[in-house]
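Working notes, structure below.
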Amino acid sequence: MATPSSSAPAAAGVDLLAGLNPPQRAAVTADDGPLLIFAGAGSGKTRVLTHRIAWLIQQGRAQPHEVLAVTFTNKAAREMRSRVEQLLNLAAGSIWMGTFHAIAARILRRDGSPAGIDRRFVIYDEGDRLSAIKQVMNEMRLDPKRYPPGSVVEAISRAKDELLSPTAQASAAGTHFEELAAQARVRYEAILEQNHALDFDDLLLRTVRLFEEHEDVLERYQKRFTYVMVDEYQDTNRAQYVMVKQLAGRHRNLCVVGDDDQSIYKFRGADIRNILSFEHDYPDAKIVKLEQNYRSTQRILDAAYHVIKVNPNRADKRLWTDRQGGPKVVVAQTYDEQEEALAVAQEALRLVGDGDYRLGDIAVLYRTNAQSRALEEVLIRRGLPYRLIGGPRFYERREVKDVLAYLRLIANPQDTLAFSRVINVPRRKLGEKSLFQLGYWADAHGMTPWEALNRVEEMTGLAPGAMASLGDFRDMINEVRAASQERRLVEVIDLLLLRSGYERHIQAEGADAQERWANVLELRGLASEYDGLAPGEGLQSFLEDVALMSDVDSLEEGPQGMTLITLHMVKGLEFPVVFMLGMEEGLFPHSRSLDSPEGLEEERRLAYVGMTRAKDRLYLFHTFRRHLWGSATLNLPSRFLADIPPELVDAPPGIPAGVSNAEMAPARAREAARPAAPLEVVQRFFPGDNVEHKLWGRGKVLKSTLTRSDEELIVRFDKAGIKILAVSLASLIKL
DNA sequence: CGAAAGGCTCTTTTT
DNA sequence: GAGCCTTTCG
């Protein structure tokens with residue numbers, strides 16, 4: 001073993017074992033060799049991981065640069081680094097910490113050339129990848145309606161996760177669609193190649209291949225990393241699994257931390273078997289289970305346990321805590337999503353009013369991003385501050401992508417995707433014809449569009465106006481590129497925004513001009529952090545970081561305001577008060593998950609993740625009726641609710657009853673008593689019909705829409721105004 | 001050539 | 001309801 005034995009004298013410094021419980025201590029101080037830490041929710045996982053890293057260094061078992069720590073978000077990596085630095089009171093900059101993708105990118109940039117990878121490769125994000133696939137499908141004359149490009153992307157991505165080569169993918173194809181996807185991939189890879197680009201999956205796949213085919217490279221990394229730690233191991237995919245195996249192959253000091261009950265990313269290739277079969281892969285592995293929870297009350301833990309324990313094939317474990325008792329879990333039904341939102345607002349205000357909590361202590365979780373809308377409307381109307389996590393993502397906004405595309409083109413003229421994104425933004429009077437001409441000419445001469453641009457004067461059949469326009473564009477990019485060699489990144493961006501006309505272009509946009517410009521400025525602000533770097537280098541690493549950035553990474557400690565967030569993104573966070581909305585069959589568990597047992601199991605884990613975010617109070621809401629993509633649906637309570645023992649649940653303490661204002665208050669008792677709506681709906685009302693409603697009096701039907709299970713009316717009442725109502729619910733009499 | 005309107009599909013989660 | 005693509009119109 002390359003490291004000093006574990007009997008090395010302890011270096012001076014903090015007592016790293018103080019305050020740790022016995023299993024935590026065992027994990028931190030474990031001897032060399034494979035180590036599996038089952039870390040339940042709130043069991044101090046990050047603490048154990050950081051203390052172990054610090055311990056290894058403090059004990060002299062490892063130098064900082066010999067440690068590799070892999071996380072799933074940049075944020076987690078940052079936090080881990082700063083905590084290790086705190087513990088050791090030294091700069092831990094030389095520890096390799098980062099996401100799988102960031103680490104792979106780093107390796108490929110340094111050592112990818114033997115595998116034919118250009119040091120200056122660009123990273124294609126989701127959007128880039130999609131447009132490339134669309135282009136391919138266009139060439140293949142595939143109808144995007146029959147074969148959704150998104151599904152093709154998905155299929156290719158899964159194949160890469162599984163480390164399948166294009167050939168292997170083709171022979172593994174079982175359906176016509178999969179065959180087409182495999183074919184599309186071949187062409188897609190060619191485009192990537194041509195653009196010196198790698199997509200997310202490539203980062204992992206190419207690293208694994210590099211290690212397979214160039215043993216000397218692998219060996220160097222194996223020797224270097226005497227200790228490898230992996231966080232969230234339950235969410236690793238095949239490629240990540242193999243990469244870890246390779247890197248830790250020599251010293252076998254592999255420490256993985258995870259919780260099979262919190263594996264929620266199967267849809268993007270995560271394979272829960274990676275953690276469940278760790279013992280099988282490493283028979284000499286030491287296993288530590290962290291089951292003491294430092295977050296929630298015992299009631300919340302018990303409720304969560306009864307939901308998760310239904311899953312077969314889970315490692316046996318159960319969380320416990322010193323925090324006995326606590327309020328019961330509140331389960332409540334509201335009439336619809338508006339009332340649900342009102343219930344959240346009201347209860348939040350009550351909690352804050354009582355002085356026990358601040359709004360920042362409260363999180364509202366939901367299954368799908370679309371659910372945040374009803375909530376936002378209510379919160380805005382009531383003037384309650386909130387921060388919405390997710391939704392339209394910063395790095396995927398048009399203006400952000402435009403500016404990034406410009407920067408990419410400046411950094412790498414071969415990036416044809418960036419080229420085509422900005423060539424006519426803002427408009428440069430280039431029509432389809434001119435651009436086709438350019439592309440055609442480039443192809444014919446085996447050039448990239450940019451190379452063709454450099455010889456635009458030789459092109460025949462190009463309108464003089466277009467030729468001038470293209471020439472101007474080329475000169476402008478060249479000017480900014482020249483500047484990028486000697487000026488700070490922010491100055492480069494300013495010059496770009498000015499000279500490209502993009503600034504004027506954005507400002508000229510109507511309604512959202514301000515917001516868009518604000519986003520551009522925010523990007524500029526992010527770029528300013530790279531001003532310390534050498535010109536050119538700043539641009540390079542900015543693009544690098546941005547490509548691997550996600551929105552959770554910038555999730556700051558909010559000073560105030562409720563947090564609105566999806567169940568997926570909330571993993572790893574905790575809040576004193578948690579509302580989970582839409583606990584309904586079809587929504588959660590989501591209907592798309594119901595066709596396979598594995599899908600349902602994953603939904604259940606998602607429920608478990610959500611429930612275990614709560615420290616003190618947990619509210620589970622479901623609605624009787626919900627607008628789902630257009631029409632109204634009547635939903636049954638989620639099966640997960642039924643799994644919670646009644647003694648852990650509080651009857652709704654009048655939450656919905658007090659909430660509904662008169663106009664949206666169909667008494668819940670009445671609803672409950674009503675028989676389920678018939679499956680076959682017959683239209684009973686027609687525009688023009690005069691009707692009478694118990695509460696609202698007389699009115700005239702404006703519109704009737706049949707949904708699968710109900711008839712929905714828009715009625716103008718003489719006194720109460722225009723209302724939308726469901727025939728099955730409203731007692732409506734035809735006059 | 002470009003903007004506007006209309007029609008279509010798809011609505012789970014995202015490093 | 002939204003986004004994307006196509007068609008249409010100026």
Side-chain angles (χ1 to χ4, degrees), chain A residues 70-77 98-105 123-127 129-131 134 138 143-151 153-154 157-158 160-161 199-204 231-232 235-237 239-240 263-270 365-371 373-374 389-393 395-396 398 424-435 463 465-466 469 508-510 547-553 565-572 582 586-595 599-600 602-603 605-607 609-610 627-633:
Chain A
V70 193
T71 60
F72 264 76
T73 64
N74 297 302
K75 182 171 167 252
T99 62
F100 271 105
H101 294 90
I103 284 173
I123 298 169
Y124 272 17
D125 71 8
E126 212 66 45
R129 176 201 254 178
L130 189 63
S131 15
K134 280 180 184 164
N138 202 8
D143 180 4
K145 279 169 193 145
R146 287 186 57 190
Y147 309 101
S151 308
V153 166
E154 195 70 3
S157 183
R158 288 298 78 78
K160 289 187 174 188
D161 285 344
D199 65 20
F200 278 137
D201 306 314
D202 284 329
L203 294 174
L204 307 173
D231 194 8
E232 308 277 15
D235 281 328
T236 50
N237 63 31
Q240 291 163 332
S263 168
I264 54 175
Y265 285 112
K266 182 173 161 40
F267 67 91
R268 61 173 203 226
L365 319 186
Y366 36 80
R367 181 65 177 82
T368 65
N369 275 308
Q371 287 171 258
R373 175 177 292 262
I389 315 295
R393 309 203 285 149
Y395 291 104
E396 279 166 25
R398 177 153 49 91
N424 209 19
V425 178
R427 307 260 175 227
R428 296 191 172 84
K429 311 231 157 133
L430 296 166
E432 200 188 339
K433 252 187 283 172
S434 318
L435 291 177
S469 223
E509 285 214 9
L548 296 171
M549 202 72 91
S550 75
D551 285 8
V552 238
D553 292 331
I565 189 169
T566 64
L567 284 155
H568 279 88
M569 293 186 77
V570 83
K571 190 169 72 155
L587 184 59
F588 191 34
H590 197 277
S591 52
R592 297 275 291 244
S593 70
L594 295 179
D595 37 1
L600 186 57
E602 180 136 314
E603 294 289 298
R605 292 193 291 269
L606 201 49
V609 167
H627 283 101
L628 238 40
W629 48 89
S631 51
T633 55

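Naming convention: chains lettered A, B, ... in sequence-line order (proteins, then strands); numbering from 1 in each chain.
Between A:Ile123 and A:Ala105, the closest heavy-atom pair is CD1-CB, 4.4 Å. A pairwise comparison of heavy atoms in A:Leu204 and A:Ala239 identifies CB-CB, 4.0 Å as the closest pair. Minimum interatomic distance between A:Ser593 and A:Glu603 (heavy atoms only, all atoms of both residues): OG-CG, 3.1 Å.
In this structure, CG of A:Leu203 is placed 15 Å from C1' of B:dT14, rounded to the nearest angstrom. Between the C1' atom of C:dC5 and the CG atom of A:Asp143 lies a distance of 12 Å, rounded to the nearest Å. One interatomic measurement links the two molecules: CD of A:Gln371 to C1' of B:dT13, which rounds to 12 Å at whole-angstrom precision. Atom CZ in A:Arg605 sits about 13 Å away from atom C1' in B:dT13, given to the nearest Å. The nearest whole Å value for the distance from the NE2 atom in A:His568 to the P atom in B:dT13 is 8 Å. For the pair A:Asn237 CG and B:dT15 C1', the computed distance is 10 Å after rounding to whole Å. Atom CG of A:Leu606 is separated from atom P of B:dT14 by 10 Å (rounded to the nearest Å). With rounding to whole Å, A:Asp231 atom CG is found 14 Å from B:dT15 atom C1'.
Side-chain atoms of A:Arg605 come within 3.5 Å of backbone atoms of A:Ser263 as a donor-acceptor pair (strictly under, hydrogens ignored).
Per the stacking criterion (ring centres < 5.5 Å, plane angle < 30°), A:Phe267 does not stack onto the base of B:dT12.
For the pair A:Asn424 and A:Phe200, both in contact range of DNA chain B, the more 5′-proximal nearest nucleotide belongs to A:Asn424.
Within the 4.0 angstrom heavy-atom criterion, base atoms lie near A:Glu126. Here A:Lys134 lies in heavy-atom contact (under 4.0 Å) with sugar-phosphate atoms only.
Checking B:dT13, B:dT15, B:dT12 against every side-chain atom of A:Thr566, the shortest atom distance belongs to B:dT13. Checking B:dT12, B:dT13, B:dG2 against every side-chain atom of A:Arg367, the shortest atom distance belongs to B:dT12. Closest to the side chain of A:His101, out of B:dT15, B:dT12, B:dT14, is B:dT15. Side chain of A:Thr368, nearest nucleotide from B:dT12, B:dT15, B:dT14: B:dT12. For A:Arg373, taking side-chain heavy atoms from C-beta onward, the closest of the listed nucleotides B:dT13, C:dC5, C:dG1 is C:dG1.
Ring orientation note: the planes of A:His101 and A:Phe200 are nearly perpendicular, at an angle over 60° on the 30°/60° scale.
Between A:Arg427 and B:dA3 there is a side-chain polar atom (N or O) within less than 4.0 angstrom of OP1 or OP2. Contact annotation: A:Asn74 side-chain N/O to B:dT15 OP1/OP2 distance is not under 4.0 Å.
Side-chain contact between A:Gln240 and A:Val70 is absent, with no heavy-atom pair separated by less than 4.5 Å.
When Watson-Crick and G-U wobble pairs are counted only if both distances are under 3.5 Å, B:dT13 pairs with no nucleotide at all. Across all strands shown, B:dC8 forms a Watson-Crick or G-U wobble pair with C:dG3, both key distances being under 3.5 Å.
Nucleotides C:dC5 and B:dT12 place their C1' atoms 24 Å apart, quoted to the nearest Å.
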